[in-house]
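To start, the structure under review is shown below, and the notes come after it.
All chains are named by letter (A, B, ...) in the order of the sequence lines, taking the proteins before the strands, and each is independently numbered beginning at 1. Just so you know, these numbers come straight off a predicted model, no measurement behind them.
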Protein chains: 2
Amino acid sequence: MIRVAGDDGERTDAARNRRLLLDAAAEIVAACGPDKLTTDAVARRAGVGKGTVYRRFGNRAGLLHALADEAGRSFQAAFMAGPPPLGPGAPPLDRLIAFGEASIGRMRLDGQILRAAEQRGGPDLEHPTQQLTRLHLSMLLREIGVQDPELAAYQLAAFLNAGLLLHLQENRGMTNARLTASWSVLVTALATTGRR
Amino acid sequence: MIRVAGDDGERTDAARNRRLLLDAAAEIVAACGPDKLTTDAVARRAGVGKGTVYRRFGNRAGLLHALADEAGRSFQAAFMAGPPPLGPGAPPLDRLIAFGEASIGRMRLDGQILRAAEQRGGPDLEHPTQQLTRLHLSMLLREIGVQDPELAAYQLAAFLNAGLLLHLQENRGMTNARLTASWSVLVTALATTGRR
DNA sequence: GAATAAAGCGGACCGCGGTCCGCTTGTACT
DNA sequence: AGTACAAGCGGACCGCGGTCCGCTTTATTC
């Protein structure tokens with residue numbers, strides 16, 4: 001088995017079908033919203049069988065996650081390697097505040113998909129994207145000197161959950177300014193008092 | 001229409017069926033766990049039609065919620081009218097800490113049902129029980145003088161979410177002591193720095 | 001107790017997520 | 001090119017949540 005550039009162990013037809021499915025899914029979501037995305041419809045539109053959806057993505061949520069990740073890749077790049085205060089270079093507390101602000105602002109655009117990707121029992125806590133978010137948060141929290149940064153990262157991530165933020169924005173009419181302010185208060189409080 | 005004691009507008013047969021269904025559900029959960037509870041099975045066991053389940057409880061999650069509420073009634077009583085520090089009489093920060101500790105400890109017993117009652121997109125944020133929790137939290141936060149107590153209550157409640165806590169306990173092996181400690185740090189930080 | 005309206009009831013039915021398994025296709029080796 | 005085999009594929013199939021609608025029971029009025 002010889003592997004070539006861009007190959008991650010996938011057969012060429014499999015890779016092609018992954019793209020077909022992702023594109024089909026993106027079109028359906030754009031047209032009807034994530035709630036209307038059925039695995040049948042996306043398979044039909046992609047011109048493949050339904051089994052292929054599950055082979056590639058595990059389940060419906062996996063497909064949505066893959067979609068959300070494509071949309072969120074630039075966000076990841078921004079907080080990992082972009083300009084401060086979101087990216088490296090700024091003090092950790094500033095980066096935390098910027099991260100929350102960016103996460104909240106992002107909801108208007110990608111929130112629907114992110115929420116749809118969460119399945120019963122809240123977000124997939126062990127999904128790579130979630131892990132990356134928490135890793136980032138815990139790194140910043142550790143720099144600040146917060147006790148138990150891993151667990152604190154879970155706490156903070158729980159509030160940045162798409163389902164919650166969208167609910168607050170849409171059903172409770174909370175402005176992004178208010179959400180951001182409350183986030184700032186929380187992380188500032190942790191940074192000031194929650195030291196080791 | 002003459003109403004008698006205990007009557008909340010339900011016809012007698014309806015009330016009887018509600019009890020039959022709740023009892024049947026409790027039995028199934030006790031025997032097989034909440035994941036095995038199907039609406040068909042509970043209807044069959046209660047000796048009623050499936051439509052009745054939906055007439056009484058709206059959906060599967062509603063049934064689980066009703067079940068969880070029965071189990072959690074004593075907890076509600078404890079933090080609303082029980083002895084301090086959980087109940088009234090203690091300083092608000094102490095009550096907050098006690099509330100988190102009690103919520104965390106409660107998971108071992110009722111966590112399964114509480115998690116099962118949460119549906120896609122996290123917990124039912126507007127369910128009366130959730131509202132009561134947040135009302136309690138926001139009251140204590142307001143006493144302390146925290147900015148925007150309503151929103152802070154959402155933040156704190158997000159961390160006390162059953163799905164998250166159970167995940168941390170079961171899949172990440174976190175002890176209740178560690179969870180409680182982190183909760184204390186968080187609320188103490190808010191109380192110290194997050195003032196208006 | 002007869003009439004009547006409303007509330008309740010039940011189970012057939014539907015759509016969707018997810019599985020399964022026999023068939024096909026791509027890949028590596030000769 | 002030929003062969004062998006793993007990987008991929010597709011769509012029939014299943015179980016469950018949720019809806020719908022014609023029938024039954026209950027409560028009220030006269």
Close approaches to DNA chain C from residues 61-69 of chain B, in residue order (heavy atom, under 4.0 Å): none
Look at the side-chain N and O atoms of B:Thr12 and state whether any lies under 4.0 Å from the OP1 or OP2 oxygen of D:dA27. yes
Find every protein N or O atom lying less than 3.5 Å from an N or O atom of nucleotides 15-17 of chain D, and list the pairs.
unit_1, atom_1, unit_2, atom_2, d
D:dG17, OP2, B:Thr39, N, 2.9
D:dG17, OP2, B:Thr39, OG1, 3.2
D:dG17, N7, B:Lys50, NZ, 3.2

Report the distance from atom OG1 of B:Thr38 to atom NZ of B:Lys50, rounding to the nearest 0.5 Å. 8.0 Å
List the atom pairs, with distances to 0.1 Å, where a side-chain N or O of residues 132-141 of chain B and a protein N or O form a donor-acceptor pair under 3.5 Å, not counting sequence neighbours.
unit_1, atom_1, unit_2, atom_2, d
B:Thr133, OG1, B:Thr129, O, 3.2
B:Arg134, NH1, B:Leu125, O, 2.7
B:Arg134, NH2, B:Leu125, O, 3.2
B:Arg134, NH2, B:Tyr154, OH, 3.1
B:Ser138, OG, B:Arg134, O, 3.0
B:Ser138, OG, B:Leu135, O, 3.0

Between CZ of A:Phe57 and C1' of C:dG18 the distance, given in whole Å, is 16 Å
What is the distance, rounded to the nearest whole Å, between atom CZ of A:Arg56 and atom C1' of C:dG18? 17 Å
Can you tell me how far apart CZ (B:Arg172) and CG (B:Leu164) are? Round to the nearest 0.5 Å. 11.0 Å
For the pair made of CZ in A:Arg45 and C1' in D:dG11, what is the distance, rounded to whole Å? 20 Å
CG/A:Asp110 to CG/A:Leu67 distance, rounded to the nearest 0.5 angstrom? 9.5 Å
Without decimals, in angstroms, what is the distance between B:Asp13 CG and D:dT25 C1'? 6 Å
Find the distance between CG (B:Asn176) and CZ (B:Arg106) and round it off to the nearest 0.5 Å. 13.0 Å
Rounded to the nearest 0.5 angstrom, the CD-CD distance for A:Glu170 and A:Gln112 is 6.0 Å
To the nearest Å, how far apart are A:Arg44 CZ and D:dC9 P? 19 Å
Do A:Arg19 and A:Glu70 sit within salt-bridge range, that is, some charged N less than 4.0 Å from a carboxylate O? yes
Side-chain (B:Asn161) to main-chain (B:Gly163) donor-acceptor, under 3.5 angstrom: yes
